[in-house]
Amino acid sequence: MIEESELRHLRRCVELAAEALAAGDEPFGSVLVDADGSVRAEDRNRIADGDRTRHPEFALARWAAENMTPAERAAATVYTSGEHCPMCAAAHAWVGLRRIVYVSSSAQLTAWLAELGAAAPPVRPLPVNDVAPGIVVEGPVPGLDEEVHALHRRFHSVV
Ligand SMILES: [Zn+2]
């Protein structure tokens with residue numbers, strides 16, 4: 001269940017996605033929160049320079065591996081504007097992070113990209129649990145997901 005107190009983290013993810021969009025990157029943002037509810041790190045998509053692996057969820061998994069103990073990672077949550085792609089879901093699981101809460105799902109993104117006439121991604125948009133069955137996953141968040149939809153419409157220049 002998504003607690004009321006978690007909404008600020010989810011809203012921050014949408015803000016980070018908007019920052020990414022403003023910088024010419026794809027609109028995705030993520031926040032890493034520890035068991036005490038403290039934000040430990042945040043990032044946004046940074047693929048505009050040409051490295052298409054620079055997803056925020058991947059960056060946060062690596063940050064967690066370098067800066068948190070295994071016990072801390074096992075109690076942490078990654079909030080994200082869009083459900084982890086298979087690469088990021090794998091990284092999340094490999095470093096032993098626990099929970100994921102997403103604003104919008106990969107299924108929603110797939111439908112939105114089709115509706116916008118955008119190219120399908122080169123990696124199949126599998127749900128997180130198809131890649132990493134042990135991860136606790138929650139989302140989407142009704143209402144906030146429409147804000148993410150709007151960012152994708154702007155990225156693909158259909159406002
Ligand atoms: Zn990813």
Side-chain angles (χ1 to χ4, degrees), residues 2 6 9-34 39-68 72-74 76-141 144-156:
I2 302 170
E6 299 184 284
H9 300 310
L10 292 162
R11 286 196 204 96
R12 179 62 185 150
C13 292
V14 178
E15 277 178 18
L16 288 162
E19 283 177 23
L21 179 70
D25 296 294
E26 288 184 336
F28 294 98
S30 311
V31 177
L32 172 63
V33 175
D34 65 20
V39 175
R40 299 291 297 271
E42 59 179 33
D43 207 351
R44 62 168 179 81
N45 181 282
R46 299 177 188 279
I47 67 157
D49 289 342
D51 180 353
R52 297 198 68 195
T53 69
R54 295 196 65 189
H55 298 182
E57 305 92 330
F58 196 19
L60 292 183
R62 302 191 96 172
W63 188 93
E66 286 170 19
N67 296 285
M68 297 172 90
E72 285 179 312
R73 298 199 293 273
T77 297
V78 171
Y79 298 88
T80 189
S81 64
E83 183 176 2
H84 288 42
C85 76
M87 171 183 75
C88 296
H92 185 99
W94 278 122
V95 304
L97 285 164
R98 189 180 72 105
R99 182 164 165 257
I100 290 172
V101 182
Y102 58 74
V103 175
S104 60
S105 69
S106 292
Q108 285 177 301
L109 179 64
T110 300
W112 296 340
L113 294 179
E115 155 202 307
L116 295 167
V123 175
R124 192 172 291 170
L126 300 173
V128 164
N129 282 146
D130 283 10
V131 177
I135 305 299
V136 177
V137 184
E138 295 179 77
V141 181
L144 212 48
D145 60 353
E146 272 310 309
E147 293 184 29
V148 176
H149 189 185
L151 294 175
H152 284 284
R153 277 199 302 267
R154 278 171 52 201
F155 182 78
H156 293 283

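Read the numbers this way: they start at 1 and go in the same order the structure lists the ligands and their atoms. The model shown is predicted, which means the values in this text are computed figures rather than measured ones.
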Sorted by first residue and then second, give each side chain to side chain donor-acceptor pair (under 3.5 Å) pair with at least one member in residues 85-94; sequence neighbours left out. none
Donor-acceptor side-chain pairing of Glu115 and His149 below 3.5 angstrom: yes
Protein-side N, O or S atoms sitting under 2.8 Å from the Zn ion (ligand 1) are His55 ND1, Cys85 SG, Cys88 SG
Tell me if a side-chain donor or acceptor on Arg73 pairs with a main-chain N or O of Met68 at a distance below 3.5 Å. yes
Distance-only criterion, 3.5 Å: show the donor-acceptor pairs between side-chain atoms of residues 19-33 and protein atoms not counting sequence neighbours.
from, atom 1, to, atom 2, distance (Å)
Asp25, OD1, Ile47, N, 3.1
Asp25, OD1, Ala48, N, 2.7
Asp25, OD2, Arg44, NH1, 2.6
Ser30, OG, Thr80, OG1, 2.8

Give me the atom names and distance for the closest heavy-atom approach of Pro125 to Ser106. O-CB, 3.8 Å
Side chain to side chain donor-acceptor pair (under 3.5 Å): pairs with one or both residues in residues 116-141, sequence neighbours excluded: Arg99-Glu138
